[in-house]
Number of protein chains: 2
Amino acid sequence: MILNHMVEFQTPHLDAVFHALSDPTRRAILHRLSEGEHTISELATPFNMSLAGASKHIKVLEGAGLVRRHVQGRTHFCQLEAARLAEAQQWLRTYERFWTTRLDDLEEILREEDRASARASEQLPPGQSAKKSRSTK
Amino acid sequence: MILNHMVEFQTPHLDAVFHALSDPTRRAILHRLSEGEHTISELATPFNMSLAGASKHIKVLEGAGLVRRHVQGRTHFCQLEAARLAEAQQWLRTYERFWTTRLDDLEEILREEDRASARASEQLPPGQSAKKSRSTK
DNA sequence: ACAATAGTCAACCAGTTGGTTTAATATTTC
DNA sequence: GAAATATTAAACCAACTGGTTGACTATTGT
């Protein structure tokens with residue numbers, strides 16, 4: 001119970017990850033990084049923003065564990081680090097049933113109809129009505 | 001190109017959804033709602049927080065399209081509304097390959113081993129690989 | 001040695017956030 | 001009609017956000 005509460009609510013990772021993802025500039029940076037490694041200036045140029053501004057965004061992403069940086073001389077290379085994205089997706093997966101429920105319900109209804117029609121096309125046990133068969137998929 | 005840019009970056013829904021999800025209290029409220037409908041006070045009580053405070057959180061969730069409310073007399077009932085969660089998951093799915101890459105690599109290695117062992121255990125017809133099947137999933 | 005380049009840091013700013021408290025608006029109950 | 005209940009509204013607060021600028025630290029190229 002208390003454990004459940006901890007698992008469910010004490011998740012500082014998710015705070016940071018979802019916050020990082022809530023900004024369109026940062027999502028764009030991640031998208032850029034999904035094509036491959038980039039330096040800070042490379043990441044900054046597409047945005048109408050000072051280098052320092054972009055640098056701050058990248059630091060937020062780094063803080064959320066979404067970006068890794070390795071320095072080589074004076075240039076900083078950034079890489080996408082996906083593990084935390086996977087954690088976020090895992091959280092969302094818990095709620096997946098709420099947007100698949102209708103499909104699941106429909107499937108269950110159709111399956112039930114099939115069972116009924118199967119019974120019907122046999123010896124018609126009492127209390128069962130015949131139904132048209134229907135494929136589930 | 002411009003269209004691509006729009007699809008990728010002009011997504012005010014995601015801003016609001018990810019921001020809503022970045023707060024642990026709000027995630028807890030959503031979790032609560034996943035068990036069924038609840039009133040504002042019911043949602044507020046578990047938290048060490050004023051009713052007005054909780055009310056504000058719920059308004060944020062509503063603004064992000066994650067919660068629907070229907071008023072009945074003086075009590076407001078809240079329901080989870082999952083469509084926007086699905087949108088968020090859809091966004092994350094774009095990056096899925098970055099945490100499945102290693103598994104994919106492993107799979108490719110196993111498939112290659114299969115091809116190699118198949119060639120070895122036959123009479124080696126030129127250019128043809130005998131597939132000893134290994135399940136992909 | 002000097003200038004250009006890559007990036008951070010610190011200070012600042014207006015706007016937002018997460019919270020409070022107190023008051024106000026309905027609705028229901030006695 | 002008065003009291004209790006369910007909720008929002010408004011004003012306030014400290015902390016944080018996303019952005020700027022200007023100064024600073026390194027590193028690289030000439």
Side-chain angles (χ1 to χ4, degrees), chain A residues 9-33 36-80, chain B residues 9-33 36-80:
Chain A
F9 305 128
Q10 189 184 308
T11 49
H13 281 182
L14 286 180
D15 291 24
V17 169
F18 281 132
H19 170 250
L21 296 184
S22 74
D23 183 278
T25 300
R26 286 193 291 262
R27 288 199 305 276
I29 289 173
L30 287 181
H31 182 250
R32 192 88 182 290
L33 286 177
E37 206 171 59
H38 281 289
T39 71
I40 305 281
S41 342
E42 279 169 3
L43 290 172
T45 39
F47 304 106
N48 192 17
M49 190 185 300
S50 69
L51 183 63
S55 172
K56 273 168 126 186
H57 277 301
I58 290 160
K59 226 180 305 181
V60 170
L61 290 167
E62 223 182 343
L66 297 173
V67 160
R68 239 181 339 176
R69 173 196 312 234
H70 70 274
V71 182
Q72 208 160 8
R74 64 185 165 179
T75 72
H76 299 209
F77 293 91
C78 297
Q79 267 184 291
L80 182 61
Chain B
F9 304 128
Q10 188 183 310
T11 49
H13 282 184
L14 287 180
D15 291 23
V17 168
F18 282 133
H19 171 249
L21 297 183
S22 74
D23 184 278
T25 301
R26 286 193 291 262
R27 287 199 306 276
I29 289 174
L30 287 181
H31 183 251
R32 193 90 182 289
L33 286 177
E37 207 172 59
H38 281 289
T39 71
I40 304 282
S41 341
E42 279 169 2
L43 290 172
T45 40
F47 305 107
N48 192 16
M49 189 185 299
S50 69
L51 183 63
S55 171
K56 274 167 125 185
H57 276 301
I58 291 159
K59 225 179 308 179
V60 170
L61 290 168
E62 223 181 343
L66 296 172
V67 161
R68 239 179 339 175
R69 172 196 313 235
H70 69 275
V71 183
Q72 208 161 8
R74 66 185 163 180
T75 72
H76 299 209
F77 293 91
C78 297
Q79 267 184 290
L80 182 61

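Convention: sequence-line order gives letters A, B, ...; per-chain numbering from 1.
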Notebook entry, point to check: Does some side-chain heavy atom of A:L21 sit less than 4.5 Å from a side-chain heavy atom of A:R26?
Noted result: no
Next item on the list: Grab the CZ-C1' distance between B:F18 and C:dT17 for me, whole Å please.
Entry: 19 Å
Checklist line | Charged N-O contact under 4.0 Å between B:R68 and B:E62 | finding: no
Item checked: Among D:dA6, C:dG18, D:dT28, the nucleotide that comes nearest once only the side chain of B:R74 is considered -> D:dA6
Margin query: Between P on C:dC9 and NZ on A:K59, what's the gap in Å once rounded to a whole number?
Written below: 4 Å
Check: What is the distance from CD1 of A:I58 to P of C:dA6, rounded to the nearest Å?
Finding: 14 Å
Note to self: Just the rounded figure in Å: distance from C1' of D:dT28 to CD of A:Q72.
What the structure shows: 13 Å
Item checked: Phosphate OP1/OP2 of C:dT8: any A:S55 side-chain N/O under 4.0 Å -> yes
Item checked: Atom pair CG (A:L30) and OG1 (A:T25), whose distance is rounded to the nearest 0.5 Å -> 11.0 Å
Next item on the list: For B:I40 and C:dT27, give me the distance from atom CD1 to atom C1', rounded to whole Å.
Entry: 15 Å
Note to self: Assuming nearest nucleotide by heavy-atom distance, tell me which of A:F77 and A:K56 is located more 5' along DNA chain C.
What the structure shows: A:F77
Next item on the list: Kindly determine whether A:T39 and A:C78 satisfy side chain to side chain contact (heavy atoms under 4.5 Å, CB included), including the steps that lead there.
Entry: CA-CA 6 Å; A:T39 71; A:C78 297; over 6 Å; no
Margin query: Students often get this wrong, so: under 4.0 angstrom with heavy atoms, is A:L51 touching a base, only sugar-phosphate, or nothing?
Written below: base
Note to self: Both A:G73 and A:R26 contact DNA chain D. Taking the nearest nucleotide for each, which residue is further toward the 5' end?
What the structure shows: A:R26
Notebook entry, point to check: Below 4.5 Å, heavy atoms only, C-beta onward: do A:V17 and B:F18 meet side chain to side chain?
Noted result: no
Note to self: From NE2 of A:H57 over to C1' of D:dT17, roughly how many Å is that when rounded to an integer?
What the structure shows: 9 Å
Margin query: Taking the minimum atom-to-atom distance to the side chain of A:M49, which one of D:dT20, D:dG18, C:dT27 wins?
Written below: D:dT20
Item checked: d(NE2, A:H76; P, D:dT25) in whole Å -> 15 Å
Notebook entry, point to check: Which one, C:dG19, D:dT27, D:dA9, comes nearest to the side chain of B:T25?
Noted result: C:dG19
Check: B:S50 side chain N/O closer than 4.0 Å to the phosphate oxygens (OP1, OP2) of C:dT20?
Finding: yes
Checklist line | Spacing of A:H19 atom NE2 relative to D:dA15 atom P, expressed in whole Å | finding: 17 Å
